[in-house]
Amino acid sequence: MDGNYLSIDEIFFLILLVITLTIPFKLLNPKNRISFAHPLVFFSIIMIYYTVLSPSFQIAFNATSNRGFDFRDQYILGWKGALLSAISVLIGYSLKAKIRNKATKYCDLNYQSLWTIGVSLNIFGFSIFMVSQGFDLSVLNPFYNISMSYDFLTYQGSFRNYFKHAQEILVAGNFLIFASAFSTQKKMALSFAIILISTGFYLNSGFRYRLFFLFSSIILFLITKENKYKINTVFNISIFSLIFIIFFMTYVGQIRTYGTGFDLSSLNLTGDFLKNIFTEAESSVFITTSGLLNIIPEKYPFQNFYPIFKALIHPLPGDLFDKNAGDYLFKAVNMVYGFRNIYHGAAYLNFGEYYLMFGWFGIFIFNFLLGYFFKKLWFWINLHKEEPLALLVYFLNVSFTFMIISRGYLPQQLHLYLFTVFPVNLIYFYNLKPKFNSESAK
């Protein structure tokens, strides 16, 4: 096979995949601005980048090698998995969900009160995190990589991992702060200063997904703001935001380090822009996924329910017992790259994890359930879209779809959800009140 051309079989599956992933865009409805944040639309956009654009440009640029291995002949496996994944999500979404016609409870928290809640979340999350870092203020500056930690103040106990991940709570806190300030037009300068400081904080740690969750949620909030923007403006904002996010994820990926700020010497702006966007960093996830499908079960056995078990025990402190976090993930990816211990930083898509568990049936059943969850989430927000906090809960959950798709590792997904999205879910449901009206009385 010529690496720069597609076979007939590849063209067939790729066309079917494109058709399937464009179907959700029919759900966009100018009369319902929230449809621009429809979970199926968000799912399609992410899948198009990872499974259509990235591999297509990799083939065009003859960049199908990763870590010294050429995966060109395995791309068709990735496209088959992506197609089954997309079809399964649509089937799950097509099921009828039993939802009450009227919401019997509501949350009366307004945008003004959400600012205080957001600040409280930030203070709590940042304070707990700083205890794990010995109150090292250098973590706020991605351009400064010299530690200022006070070792005698650093918590080293069994729950230090919880303390470290408390920084994820700032995603929800900053989102509430922004939504409140934008809606009330109060405390704008202070709010932007808080978000700017948090941005430096997250850039220093090197994990781009935190900023992706935050800013994608903010963008969804802006483009769906009722009667705020015309449809043309919404479309332009969406396209610009998509381009900016792809650019950001690519070039920050070049210079990031984990916990020591930026390495600006790694920045490469001289190469071809499109080639950098679609052949570096995130784009390699499809390559690893294709390689994973290729080795299972001939070289690495199906894991069945083991990843679910690992997800359930993952939040437990590692000092209490040896939970061996990530064992099956590391073994599988290490095998993909020939047992050369060059797998660090590699990731695979969600359908790779599902295939690792139960093969093609695993891809179908788990994406089927994901599609059904999208249906329930969509019905729920249409019943509660007048509630400010319900909208923010919805946008955070939709944004988290990125992690579900792009990082097929169930323990990590559950762990991040508990720290990033769950706190706002909890606040919302804690503040629910019964509706006393004629509808609820029936």
Which residues pass the ring-ring contact (aromatic ring centres under 6.0 Å, His included) test with Y428, sequence neighbours left out? W380

Please tell me if the side chains of S290 and F286 come closer than 4.5 Å, counting only heavy atoms from C-beta onward. yes

Not counting sequence neighbours, list each pair that qualifies as a side-chain hydrogen bond (donor to acceptor under 3.5 Å, both in side chains) and has a residue in residues 80-92. S85-N367

Answer yes or no: is there a donor N or O on one side and an acceptor on the other, between the side chain of S7 and the main chain of E10, under 3.5 Å? yes

Looking at I19, is its backbone amide N or carbonyl O close enough to the side chain of T22 to form a donor-acceptor pair, meaning the two atoms are under 3.5 Å apart? yes

Which atom pair, heavy atoms only, marks the closest approach of R33 to T224? O-CG2, 3.1 Å

K31 backbone acceptor or donor facing N29 side chain under 3.5 Å: yes

Who are the side chain to side chain contact (heavy atoms under 4.5 Å, CB included) partners of L77, not counting sequence neighbours? L293, N294

Do the side chain of K375 and the main chain of L95 share a donor and acceptor less than 3.5 angstrom apart? yes

Return yes if some donor-acceptor pair links the side-chain N/O of E168 with the main-chain N/O of F419 below 3.5 Å, else return no. no

Rounded to the nearest 0.5 Å, what's the gap from CG on L392 to CG on L114? Could you check? 6.0 Å

Output for pair (L170 CG, N122 CG), nearest 0.5 Å, gives 4.0 Å

Over-ring placement of R67 relative to F69, 6.0 Å and 45° cut-offs: no

Restricting to side chain to side chain contact (heavy atoms under 4.5 Å, CB included), what partner residues turn up for L196, sequence neighbours left out? none

Look at the side chain of T401 and the backbone N and O of V398, then say whether any donor-acceptor pair between them is shorter than 3.5 Å. yes

F302 CZ: over 12 foreign heavy atoms closer than 6.0 Å: yes

Just say parallel, tilted or perpendicular for the rings of F400 and F213, cut-offs at 30° and 60°. tilted

Listed once per pair and sorted, the side-chain hydrogen bond (donor to acceptor under 3.5 Å, both in side chains) pairs that draw on residues 34-48, sequence neighbours left out: H38-Y93

Do L410 and H314 come within less than 4.5 Å of each other through their side chains, counting heavy atoms only? no

Between F71 and Y337, what is the ring plane arrangement, given parallel below 30°, perpendicular above 60°, and tilted in between? perpendicular

Is the closest side-chain heavy-atom distance between V421 and L416 below 4.5 Å? no

From I363 atom CD1 to W360 atom CH2, the distance as rounded to the nearest 0.5 Å: 5.0 Å

Minimum heavy-atom distance between L220 and A37, given as atom pair plus value: CD2-CB, 3.8 Å

So which pairs with a foot in residues 300-314 pass salt bridge (Lys or Arg N to Asp or Glu O under 4.0 Å), sequence neighbours left out? K310-D327

Specify the closest pair of heavy atoms between M357 and P307, including all atoms of both residues, with the distance to one decimal. CG-CG, 3.6 Å

F366: ring-ring contact (aromatic ring centres under 6.0 Å, His included) partners, not counting sequence neighbours: Y354

Test of understanding: with side-chain hydrogen bond (donor to acceptor under 3.5 Å, both in side chains), list the residues that count as partners of N425, not counting sequence neighbours. N397, Y417

For the residue pair G352 and L292, what are the closest heavy atoms and their distance? O-CD2, 3.4 Å

Has T289 got a side-chain atom pairing as donor or acceptor with L349's backbone, closer than 3.5 angstrom? yes

Who pairs with I218 by side chain to side chain contact (heavy atoms under 4.5 Å, CB included), at least two apart in sequence or on another chain? F175, F178, L214, F215, L222

Using a 4.5 Å cut-off on heavy atoms from C-beta on, say whether the side chain of Y49 contacts that of S54. yes

pair Y355-Y348: side-chain heavy atoms closer than 4.5 Å: no

Is the distance between the ring centroids of F163 and F129 less than 6.0 Å? no

Are side-chain heavy atoms of L40 and W378 found at a separation under 4.5 Å? no

Pair R210-Q167, side-chain donor/acceptor within less than 3.5 Å: yes

Counterpart residues, ring-ring contact (aromatic ring centres under 6.0 Å, His included), relative to Y409 (two or more places apart): Y328

I need the N382 CG to N32 CG distance, nearest 0.5 Å. 5.5 Å

Distance col, row I11:CD1 vs I76:CD1, nearest 0.5 angstrom, shows 10.5 Å

Report yes or no: do H384 and E387 form a side-chain donor-acceptor pair below 3.5 Å? yes

Any side-chain heavy-atom pair of P39 and Y394 under 4.5 Å: yes

The ring-ring contact (aromatic ring centres under 6.0 Å, His included) partners of F305 (sequence neighbours excluded) come to F358

For a 4.5 angstrom cut-off between non-hydrogen side-chain atoms, does I295 reach V336? yes

Could you give the distance from CG (L432) to OH (Y106), rounded to the nearest 0.5 Å? 10.0 Å

Of all residues at least two apart in sequence or in a different chain, which pass the side chain to side chain contact (heavy atoms under 4.5 Å, CB included) check with V424? A172, L176, L389, V393, L396

